[in-house]
Amino acid sequence: MSQPTPALYERIYLVVRQIPAGEVSSYGDVASIVGGGCDARSVGYALGELGPHAAEVPWQRVVSRDGTISTRGLLQGQLLVAEGVAFDEQGRVRMARHRWRGPDPAWCAEQRCTPLPPRDDLEQLGLF
DNA sequence: CAGATGACTCCCA
DNA sequence: CTGGGAGCCATCT
């Protein structure tokens, strides 16, 4: 089954677009969902290539695995706060509370992507 | 094909 | 917390 792979980046944007407001995901998680040899770095690069498409893709909901924001402009944090995302004293997103669990299973089957790899360690952390 | 670049992640000191 | 290094991948010259 060879898929045309729409530049792959398009696929990344598609997944990011599924992240609901008030929740966040990490580059690695998005990469795993997209699959097809996608990597956490690729996701970051793809988002960097957004440019004019930034208005259609909630790129601000994608942060590093620790909940830290890599972008220089703190606009990302502002947008997340406006969506109701909570930050801790260190300016990191509370992943244990806002981490996106992945897209809908039906949507996933349609896009031929991975539901989401096993990663409950963050959920078990007593960050509450 | 090789080299350079880039919003990542993990490991060690 | 800070610093450095390695591994991974897509895209452009």
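A, B, ... follow the sequence lines: proteins, then strands. Residue 1 opens every chain.
Contact between the side-chain N/O atoms of Arg65(A) and the OP1/OP2 oxygens of dC10(B) is found at a separation under 4.0 Å. Taking 4.0 angstrom as the limit, Ser64(A) places none of its side-chain polar atoms (N or O) nearer than this to OP1 or OP2 of dA7(B).
dA7(B) atom P lies 13 Å from atom CG of Leu50(A), rounded to whole Å. Asp66(A) has its CG atom 10 Å from the C1' atom of dC10(B), to the nearest Å. The distance from atom OH of Tyr27(A) to atom C1' of dC8(B) is 8 Å, rounded to the nearest whole Å.
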- Query: Which parts of nucleotides 1-13 of chain C does protein reach within less than 4.0 Å, heavy atoms only, written one letter per nucleotide 5' to 3' as B for base, S for sugar-phosphate only and - for none?
  - Reply: S-----BBBSS--
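Residues Asp29(A) and Arg99(A) are paired through a salt bridge, judged by an N-O separation under 4.0 Å between the basic side chain and the carboxylate. Salt-bridge check for Glu83(A) with Arg61(A): passed, with a basic side-chain N closer than 4.0 Å to an acidic carboxylate O.
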- Worked verdict on Val24(A) versus Val85(A) for side chain to side chain contact (heavy atoms under 4.5 Å, CB included): CA-CA 8 Å; Val24(A) 297; Val85(A) 175; 4.2 Å; yes
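Contact annotation: the side chain of Tyr13(A) never approaches that of Val43(A) to less than 4.5 Å [non-hydrogen atoms, C-beta and beyond].
The CE atom of Met95(A) sits 10.5 Å away from the CD atom of Glu23(A) when rounded to the nearest 0.5 Å.
Applying the salt bridge (Lys or Arg N to Asp or Glu O under 4.0 Å) test to pairs two or more places apart or on separate chains, none has a residue in residues 36-57 of chain A.
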